[in-house]
Engineer: 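Structure incoming, see below.
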Amino acid sequence: MPLPSTSTLPVARRAAPRRRAYALLAAAVSAGLLAGCASAAPASEEEAPAASLETISFEYEGYSAEIPDDPKRVVVLDSRSGLEMALLADYPLVATAYGTDSPLSPLIDDDVAHLKNTAFDLNREEIASYDPDLIVVGVGWWNFYEGEDFKLGEIAPVLAVNDGLDVEGASADNPFEAMTAQLTLLGREDKAEEAIAGYEKAVADARERIGAYTDGKVASVIHSPVDNFTVISDESIYEVVLPELGFTILDSDEINAAPPNPNGIGHMLSYENAVGVFSDTDMLLVYKDNVAADLDPLLKRVPAVERGTWIEGNLAERFGFALTYTSFVNGIADAVEAFPDFSK
């Protein structure tokens, strides 16, 4: 199965926010960036808080919607970009999609309900039972639901979150453009600043832990299905984080001459090429389609794998915002410290 790509998301001129009304917050936010989730009981079991009357005209990269400025009951339909934006915005969650592999799952309050159905087979009645005044979902899933005529907007206003680097102003040097722009449109630019500061602190801490080991070492990232593997070379979380931690990303004529992956994430090679391609790689990050599957026998002959200086990656961390990046940084630091040849 090919890696998911955000390259097909619609791109258009970003518009400035237009608020219909302005209101002061009734109290200061005291629980920090990731706190404040509301009770998860469905609306039938408790009285729902009064919905906010103020709205925001949200317009970003081709998506527009009128959404509440201060929602009280938020339902999130995916455990990646939608959930991350809801956490960053400090929205009061009543229910969310839940992925056991998601780095965001530990950040969800215990009293937030988990939707029973997967993103592919959502249940309108279940969503409506939580009486949401806002639904949050990644724009890729939003496009899918629109194509299926799911009519989410009949339940509540929808915030469709754009999660990719492939947006105006974004690059490997500016990976949080989409996060910052959307939080600014939501009137929560301070949350973007907090999240970026948290990421930068995680990088600094990781450099302190592993920098002496990683400086100058060559790293490569691959997606490893059954028939061949893809060397990931797009502007991704890896292109941002690994150099920040001291690694140099492997680049070679052999890789660049290989056929491109149809999803545009890199170049595909056969496992017979693995030993030669990665002969100078010090650290190999491997993403498997099936986490329970063993490595291909030819991949096991790669020097970094034989040495034990390889890391099994989590596909749920392939893209995201500052919370996902922070989780990725911490995971790399933990894994490197476990390498057989690591010494502080």
Side-chain angles (χ1 to χ4, degrees), residues 1-9 76-85 87 96-108 114 118-120 137-141 144 161-166 172 175 178-179 199 219-242 245 247 249-250 260-269 271 274 278 283-296 299 302 304-305 310-336:
M1 179 180 69
L3 281 169
S5 172
T6 59
S7 61
T8 58
L9 298 180
V76 181
L77 303 187
D78 73 278
S79 60
R80 298 186 69 175
S81 58
L83 177 58
E84 186 160 6
M85 182 57 67
L87 290 169
T96 182
Y98 188 88
T100 56
D101 61 343
S102 172
L104 307 171
S105 295
L107 306 179
I108 302 170
H114 300 170
T118 69
F120 282 105
V137 64
V139 73
W141 283 113
F144 171 76
V161 179
N162 193 309
D163 51 25
L165 281 169
D166 188 20
M179 177 191 78
Y199 164 73
S220 189
V221 184
I222 68 169
H223 179 228
S224 175
V226 175
D227 297 328
N228 52 46
F229 66 90
T230 295
V231 180
I232 300 175
S233 57
D234 64 337
E235 289 185 345
S236 65
I237 190 170
Y238 326 118
E239 298 286 314
V240 174
V241 172
L242 294 182
L245 299 182
F247 289 107
I249 304 293
L250 177 68
N261 185 290
N263 283 332
I265 63 171
H267 296 270
M268 300 184 298
L269 296 97
Y271 285 106
F278 300 125
M283 189 278 286
L284 188 66
L285 183 57
V286 181
Y287 289 83
K288 298 185 294 186
D289 269 349
N290 180 359
V291 295
D294 200 6
L295 291 180
D296 186 275
L299 201 57
V302 170
V305 177
W310 72 284
I311 300 171
E312 183 168 345
N314 177 4
L315 281 172
E317 291 181 332
R318 185 177 118 66
F319 58 86
F321 302 130
L323 301 180
T324 298
Y325 275 61
T326 299
S327 174
F328 182 76
V329 168
N330 292 332
I332 293 294
D334 291 344
V336 168

Engineer: Just jot down the side-chain contact (heavy atoms from CB on, under 4.5 Å) partners of Ala178, sequence neighbours excluded, or say none.
Structural biologist: Tyr60, Val167, Gln182, Phe321

Engineer: At what distance, to the nearest 0.5 angstrom, does CZ of Phe144 lie from CG of Asp78?
Structural biologist: 13.0 Å

Engineer: Distance from Tyr199 atom OH to Asn330 atom CG, nearest 0.5 Å?
Structural biologist: 11.0 Å

Engineer: How close do Leu83 and Val76 get, heavy atom to heavy atom, and via which atoms?
Structural biologist: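 Closest approach of Leu83 to Val76, heavy atoms only: N-CG1, 3.3 Å.
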
Engineer: Once you round to the nearest 0.5 Å, how far does OG of Ser102 lie from CG of Asn314?
Structural biologist: 8.0 Å

Engineer: Where do Lys288 and Leu295 land on the side chain to side chain contact (heavy atoms under 4.5 Å, CB included) test, with the steps shown first?
Structural biologist: CA-CA 8 Å; Lys288 298 185 294 186; Leu295 291 180; 4.0 Å; yes

Engineer: Please tell me if the side chains of Leu284 and Phe278 come closer than 4.5 Å, counting only heavy atoms from C-beta onward.
Structural biologist: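 Yes, close enough: below the 4.5 Å cut-off.
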
Engineer: Could you state the interatomic distance from OH (Tyr287) to CD1 (Ile232), rounded to the nearest 0.5 Å?
Structural biologist: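 Reported value, rounded in 0.5 Å steps: 7.0 Å.
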
Engineer: Any idea which heavy atoms bring Gly320 and Tyr325 closest together, and the distance?
Structural biologist: O-CE1, 3.4 Å

Engineer: Just to verify, what does Ser327 make a side chain to side chain donor-acceptor pair (under 3.5 Å) with, not counting sequence neighbours?
Structural biologist: Glu317

Engineer: Hey, mind stepping through Phe247 and Leu285 against side chain to side chain contact (heavy atoms under 4.5 Å, CB included) and telling me if it holds?
Structural biologist: CA-CA 12 Å; Phe247 289 107; Leu285 183 57; over 6 Å; no

Engineer: Please walk me through it: do Tyr98 and Thr100 pass side chain to side chain contact (heavy atoms under 4.5 Å, CB included)?
Structural biologist: CA-CA 7 Å; Tyr98 188 88; Thr100 56; 4.3 Å; yes

Engineer: My understanding is that only residues two or more places apart in sequence, or in another chain, count here; which of them pass side chain to side chain donor-acceptor pair (under 3.5 Å) with Thr326?
Structural biologist: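 With sequence neighbours excluded, Thr326 shows a side chain to side chain donor-acceptor pair (under 3.5 Å) to no residue whatsoever.
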
Engineer: List the residues meeting salt bridge (Lys or Arg N to Asp or Glu O under 4.0 Å) with Asp101, not counting sequence neighbours, and say none if there are none.
Structural biologist: none

Engineer: Run the numbers on Asp296 and Phe229 for side chain to side chain contact (heavy atoms under 4.5 Å, CB included), then give the verdict.
Structural biologist: CA-CA 10 Å; Asp296 186 275; Phe229 66 90; over 6 Å; no

Engineer: In chain order, what residues pass the side-chain contact (heavy atoms from CB on, under 4.5 Å) check against Asn290, with sequence neighbours excluded?
Structural biologist: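 Once residues adjacent in sequence are excluded, the partners of Asn290 under the side-chain contact (heavy atoms from CB on, under 4.5 Å) criterion are Ala292, Ala293.
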
Engineer: Looking only at non-hydrogen atoms, find the nearest pair between Pro225 and Asp289 and report the distance.
Structural biologist: CB-OD2, 3.2 Å

Engineer: Rounded to the nearest 0.5 Å, how far does OG1 of Thr96 lie from NE2 of His114?
Structural biologist: 7.5 Å

Engineer: Report the distance from atom CD1 of Ile332 to atom CE of Met283, rounding to the nearest 0.5 Å.
Structural biologist: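 These two atoms lie 5.0 Å from each other.
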
Engineer: Say whether, by atom type as modelled, one donor and one acceptor occur between the side chain of Glu84 and the main chain of Leu104 under 3.5 angstrom.
Structural biologist: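 Flag not set: sc Glu84 to bb Leu104 has no pair under 3.5 Å.
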
Engineer: Out of the candidates Ile265, Asn263, Ile222, only one should pair with Thr230 under the side chain to side chain contact (heavy atoms under 4.5 Å, CB included) rule; please name it.
Structural biologist: Ile265

Engineer: State, to 0.1 Å, how close Arg318 and Ile237 come at their nearest heavy-atom pair, and which atoms those are.
Structural biologist: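 In this case the closest contact between Arg318 and Ile237 is O-CG2, 3.3 Å.
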
Engineer: Indicate the atoms forming the closest heavy-atom contact of Gly82 with Val161, along with that distance.
Structural biologist: CA-CG2, 4.4 Å

Engineer: With sequence neighbours left out, what residues match Phe328 under ring-ring contact (aromatic ring centres under 6.0 Å, His included)?
Structural biologist: Tyr238

Engineer: Taking the side chain as everything from C-beta on, heavy atoms only, tell me whether Val221 gets closer than 4.5 Å to Leu242.
Structural biologist: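 In short, these two side chains touch, coming nearer than 4.5 Å.
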
Engineer: List for me each residue that meets side chain to side chain donor-acceptor pair (under 3.5 Å) alongside Thr118, sequence neighbours excluded, and say none if there are none.
Structural biologist: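 Asp121.
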
Engineer: How close do Ser224 and Tyr271 get, counting heavy atoms only, and between which atoms?
Structural biologist: OG-OH, 2.8 Å

Engineer: Among all residues two or more places apart in sequence or in another chain, which pass the side chain to side chain donor-acceptor pair (under 3.5 Å) test with Asp227?
Structural biologist: none

